Structure formats: structure tokens, C-alpha cells
Amino acid sequence: MELFKIRPLLPDAEIDDPRADLKKAVTIEQYKAGEKAVFFPDGFNWQYLPYREIKAVVRARSLDSTDRWLVKYAVEKPSIRLLFRDSFKILIMERDRNADTLASLLKEYREEAAAEES
């Protein structure tokens, strides 16, 4: 039995050997950029989105908020929006520099994946 599972964000968008890609991936904060896909944590598991599915990588700012019993706050943080099919995924980061680095890396990998498909 596997302790940590690696699942595609889109059920019909799988890559060959996601475990090997995750092992070789570059880690920036809690996200990982592999050669074939971007990985993000999902509890104790990982989800991934192949670069061939990404339509655009947009650098943005997003509100990170909580509404708990004693503490309510909202903080604006750097983020990256991954647009794919008819949806999007927001990757909230802690530092602007890390968000810039990850965004440029994802754009580069997305362009390489698009060139390979052509």
C-alpha cells in the first residue's frame, strides 16, 4: 500500500511515471515543478497538472483569509493562477520572489510542452 498518493487534478490528464517526475522536481515553497507537470500538496497526498493542459500562467495577488471562532483575518499574498480547460487553480505563495521564480519556470515548461506537441 502506498503511503502518499499522486493523483492528476484532471482524471483524464495523466503523465507517465508521476512518482519519478515528482522526485526530480524543483521545490519552490510548497509546490514542485517537474519536467512534465506541476505538483501541489493535497493533504498528505499530491495532485498534479501536466504542462500540456495549462493554457496560461498568470502572476497575481490573492487574499489568504480565515474566519475562525477567535481570529478573523485576510492577508494579500502573491499567487499564480493556472488556467486550464474551463477552470483555474490558484497557487498562493508567501514571497513575491518565489512566486516570480515559479511563474517563469512554469511558463518555460509550458512552452516546451507546447513545442513538443506541435
Side-chain angles (χ1 to χ4, degrees):
M1 185 174 120
E2 289 182 273
L3 183 60
F4 300 106
K5 294 186 179 177
I6 304 171
R7 297 185 186 120
L9 182 63
L10 304 169
D12 61 338
E14 295 183 354
I15 62 172
D16 296 334
D17 201 5
R19 192 164 298 283
D21 197 37
L22 179 63
K23 238 180 209 180
K24 296 179 197 172
V26 175
T27 303
I28 301 176
E29 291 191 16
Q30 68 268 34
Y31 306 106
K32 294 182 180 269
E35 293 176 1
K36 300 175 187 172
V38 58
F39 296 85
F40 25 89
D42 180 29
F44 289 113
N45 301 314
W46 289 94
Q47 282 190 324
Y48 67 88
L49 181 64
Y51 297 122
R52 67 178 182 270
E53 296 293 332
I54 298 174
K55 292 181 183 177
V57 177
V58 180
R59 179 71 170 77
R61 297 195 67 77
S62 298
L63 280 180
D64 186 15
S65 61
T66 185
D67 188 9
R68 295 196 176 153
W69 183 60
L70 292 174
V71 179
K72 296 178 184 181
Y73 72 89
V75 178
E76 190 175 272
K77 291 187 175 180
S79 66
I80 299 169
R81 292 183 187 182
L82 302 176
L83 305 174
F84 58 94
R85 295 189 185 172
D86 293 334
S87 189
F88 62 93
K89 175 82 175 168
I90 299 175
L91 309 178
I92 296 178
M93 314 272 304
E94 292 296 321
R95 298 189 174 181
D96 282 314
R97 182 180 47 194
N98 292 342
D100 291 337
T101 303
L102 183 59
S104 65
L105 193 61
L106 295 179
K107 286 178 185 178
E108 181 183 319
Y109 284 153
R110 185 180 69 84
E111 289 168 3
E112 288 175 10
E116 286 177 7
E117 282 188 3
S118 300

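We count residues from 1, following the sequence as given. Please read these numbers as outputs of a predicted model, since none were measured by experiment.
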Please say which of Phe40, Phe84, Phe39 ends up in a ring pair (Phe, Tyr, Trp, His ring centres under 6.0 Å) with Tyr48. Phe39
If I compare all heavy atoms of Lys107 with all of Val57, which pair ends up nearest, and what's the gap? CE-O, 3.2 Å
Are Asp96 and Arg59 close enough that some pair of their side-chain heavy atoms sits under 4.5 Å apart? yes
Could you measure the distance from the CG atom of Asp42 to the CD atom of Gln47? Nearest 0.5 Å is fine. 4.0 Å
Hey, does Arg52 have a side-chain heavy atom less than 4.5 Å from the side chain of Ile15? yes
Is there a side chain to side chain contact (heavy atoms under 4.5 Å, CB included) between Leu82 and Val38? Walk through the geometry before answering. CA-CA 10 Å; Leu82 302 176; Val38 58; 3.9 Å; yes
Measuring only between side-chain heavy atoms, which start at C-beta, is Glu94 closer than 4.5 Å to Lys77? yes
Hey, is CG on Asp86 packed in by over 12 heavy atoms from elsewhere, all under 6.0 Å? no
Would you say that Asp21 contacts Ile6 through its side chain, given a criterion of any heavy-atom pair below 4.5 Å between the two side chains? no
Under a 4.5 Å side-chain heavy-atom rule over Ile, Leu, Val, Met, Phe, Trp and Tyr, are Tyr109 and Leu9 clustered together? yes
Hey, does Arg95 have a side-chain heavy atom less than 4.5 Å from the side chain of Glu29? yes
Find out whether Asp16 and Lys36 are in side-chain contact, i.e. whether some heavy atom of one side chain is under 4.5 Å from a heavy atom of the other. yes
Taken to the nearest 0.5 Å, the spacing of Ile28 CD1 from Leu105 CG works out to 5.5 Å
Side-chain heavy atoms of Ile80 within contact of Ile90, under 4.5 Å: no
Take a 6.0 Å sphere around CZ of Arg61 and say whether it holds more than 12 heavy atoms from other residues, nucleotides or ligands. yes
For Ala33 versus Leu102, what's the shortest heavy-atom pair and its separation? CB-CD1, 4.2 Å
Closest contact, heavy atoms only, Lys5 versus Asn45: N-OD1, 3.0 Å
Hey, is the main chain of Ile92 close enough, under 3.5 Å, to the side chain of Gln30 for a donor-acceptor pair? yes
Do side-chain atoms of Tyr51 reach the backbone of Gly34 as a donor and acceptor pair under 3.5 angstrom? yes
For Lys55 and Arg85, which heavy atoms make the closest approach, and how far apart are they? NZ-O, 3.0 Å
Between the CD atom in Glu116 and the CD atom in Glu112, the distance rounded to the nearest 0.5 Å is 7.0 Å
Which atoms form the tightest heavy-atom contact between Pro50 and Ala37, and what is the distance? CA-CB, 3.7 Å
Do you reckon Val26 sits in the same ILVMFWY cluster as Tyr31, going by side-chain contacts under 4.5 Å, direct or chained? yes
